[in-house]
Chemist: 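Let me give you the structure first, and then I'll get to my questions.
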Amino acid sequence: MNRTENEASRMVLSPSMKLADLIELNYSLLAVLSRLGIDLGFGENTVGEVCEEHGIDLSSFLLICGIYTYDDYIAPNDLLKAGNPADVVKYLHSSHSFYLDDELKKLEKSLEELVAPCDETQKKIIYRFFSEYRKEVENHFAYEEETVFPYVKSLLSGGSRNGYSIEQFEENHSNIDEKLNDLKNIVMKYLPSVCDTVLRNSVLYHIFFLEEDLDKHTLIENNVLVPMVTRLEEHEKRQQ
Amino acid sequence: MKNDSSKKVLLIIPSRIMVRGIEGVFSDLGEFRVEGILSDISRTSETRLKNMDADLIIIDPVVFDYATRPSGRSYIAEYTDAAVVALQTIVMEDDVWKQYDEVISIYDAPPVIIRKLRTALSAHQELPKPDSHELSSREKEILICVAKGMLNKEIADLYNISIYTVITHRKNITRKTGIRTVAGLTVYALLNNLIDSSSVE
Ligand SMILES: [Fe+2]
Ligand SMILES: [Fe+2]
């Protein structure tokens, strides 16, 4: 799903846009809405109205939607300045639970179903690969949940920094896309032909979706959260 | 009397005396000719490295500082895929020499030097050409080692090849299969019956 359009045809996401039109522009934003706790059935309401109703910071919402919609989106400075990092953290946190509690469980189930006709050794090694992947994702998320997010919250409430800075996150933040990409290649190219084609396709669709979604997730961390928090740190320094 | 079939050699050697010596050996024995001389590794030499399409490079690893010496071969590989032979002028650790396709010593007799250059060229040409999509038999052997958890250095020692060659093979394996992690390559090896489960327990 490549939604990059040329500059002329690109629609600027704005508060006065109807939310339904935004979804029409990029339906993968449906996942974003549910992670932000925005239920469907919003009628003719605009982006601005829906955000206000749900108490969601409008700038953060536009930034997240922008990254999801355009591959080469550059977060505008005024939005970064106006946005509230707490809302970005809230979004990232609920994406984490969404991946671990829903998506990876679903993927594991359908993968198990897919490789059921394979021999025992093949099954065992594929299960092992998948659980290594999940462990990697869990560790990655755990660091953000236990170190990065609490740091942002404490910074927002004027609390202590404990010697941490967002730069440490920025420098060590890795991609977690390698094993998922490997799994995609294995399912697409190397599983034995006893595996059902329809199941195989649906597992592949799922992996492609997750790959793109995790990629956007990482972009939101790197290109929205990090610059927002850096600004906050600088602001705090100036006040001291 | 210029022989057009002679192999083009680029020298990366700071010592003028060494350069003269090698030119002398070449003009006596033919087959190779000096196409260019660099006395160091700088920005401008990088450009020349890239643009000169040499068949073979002879380098004195003293042009690299101590820290970058062990990865000198891969540094060169970023600019050219010529065969690279090291010229040993001073004592260095084994790892420095191992990465090169051959090592010549300043005490080698001229015919020995020529023979080593020939070996380096032919060994280098045996490296798989990047246009094939299937894994070569050497790539399969290396894939099996990787799947079993062996390190690059252990693989290099086992097959008596340079670490650089192992890395090139591994890059090609990943390019062909699309699989990047060791865990993924293990699954690949098992699904393709290159290993059995007992070797990955
Ligand atoms: Fe995250
Ligand atoms: Fe992350």
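Lettering follows sequence order; numbering is per chain, from 1.
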Chemist: With sequence neighbours excluded, tell me which residues meet side-chain contact (heavy atoms from CB on, under 4.5 Å) with A/Glu233.
Modeler: A/Tyr151, A/Leu155, A/Arg161, A/Ser165, A/Ile166, A/Val229

Chemist: Tell me, yes or no, whether the heavy-atom count around B/Asp28 atom CG, taken from other residues, nucleotides or ligands under 6.0 Å, exceeds 12.
Modeler: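 For B/Asp28, atom CG is crowded (more than 12 foreign heavy atoms under 6.0 Å).
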
Chemist: Quick check on B/Ile90: does its CD1 atom have over 12 non-hydrogen neighbours (other residues, nucleotides or ligands) under 6.0 Å away?
Modeler: yes

Chemist: Do other residues, nucleotides or ligands put more than 12 heavy atoms under 6.0 Å from A/His140 NE2?
Modeler: yes

Chemist: Could you report the tightest heavy-atom contact between A/Gln122 and B/Leu190, atom names first, then the distance?
Modeler: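 Looking at all heavy atoms of both residues, the closest pair is CA-CD2, 3.8 Å.
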
Chemist: In chain order, what residues pass the side-chain contact (heavy atoms from CB on, under 4.5 Å) check against B/Thr80, with sequence neighbours excluded?
Modeler: B/Leu49, B/Ile57, B/Ile76, B/Ala82

Chemist: Give the intermediate values and the outcome of side chain to side chain contact (heavy atoms under 4.5 Å, CB included) for residues A/Tyr190 and B/Val187.
Modeler: CA-CA 9 Å; A/Tyr190 305 119; B/Val187 178; over 6 Å; no

Chemist: Check whether A/Asn185 reaches the backbone of B/Ile179 with its side chain - one donor and one acceptor, N or O, closer than 3.5 Å.
Modeler: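 No: the side chain of A/Asn185 does not pair with the backbone of B/Ile179.
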
Chemist: Could you look at A/Glu132 and say if it's the side chain, the backbone, both or neither that has a heavy atom under 4.5 Å from chain B?
Modeler: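 Side chain of A/Glu132 only, per the 4.5 Å heavy-atom cut-off to chain B.
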
Chemist: Ignoring hydrogens and angles, tell me if any N or O in the side chain of A/Asp182 forms a donor-acceptor pair with the backbone of B/Val182 under 3.5 Å.
Modeler: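 It does not hold such a pair.
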
Chemist: Rounded to the nearest 0.5 Å, what separates atom CD1 in A/Ile125 from atom CD1 in B/Ile195?
Modeler: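 Going from CD1 on A/Ile125 over to CD1 on B/Ile195, the span is 5.5 Å.
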
Chemist: Using heavy-atom distances under 4.5 Å, tell me whether A/Lys179 contacts chain B through its side chain, its backbone, both, or neither.
Modeler: both

Chemist: If you count the non-hydrogen atoms of other residues, nucleotides and ligands that lie under 6.0 Å from CD in A/Glu167, is the total more than 12?
Modeler: no

Chemist: Could you look at B/Thr177 and say if it's the side chain, the backbone, both or neither that has a heavy atom under 4.5 Å from chain A?
Modeler: both

Chemist: Which heavy atom of B/Lys176 sits nearest to which heavy atom of A/Lys189, and what is that distance?
Modeler: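 Between these two residues, the closest heavy atoms are O-NZ, 3.9 Å.
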
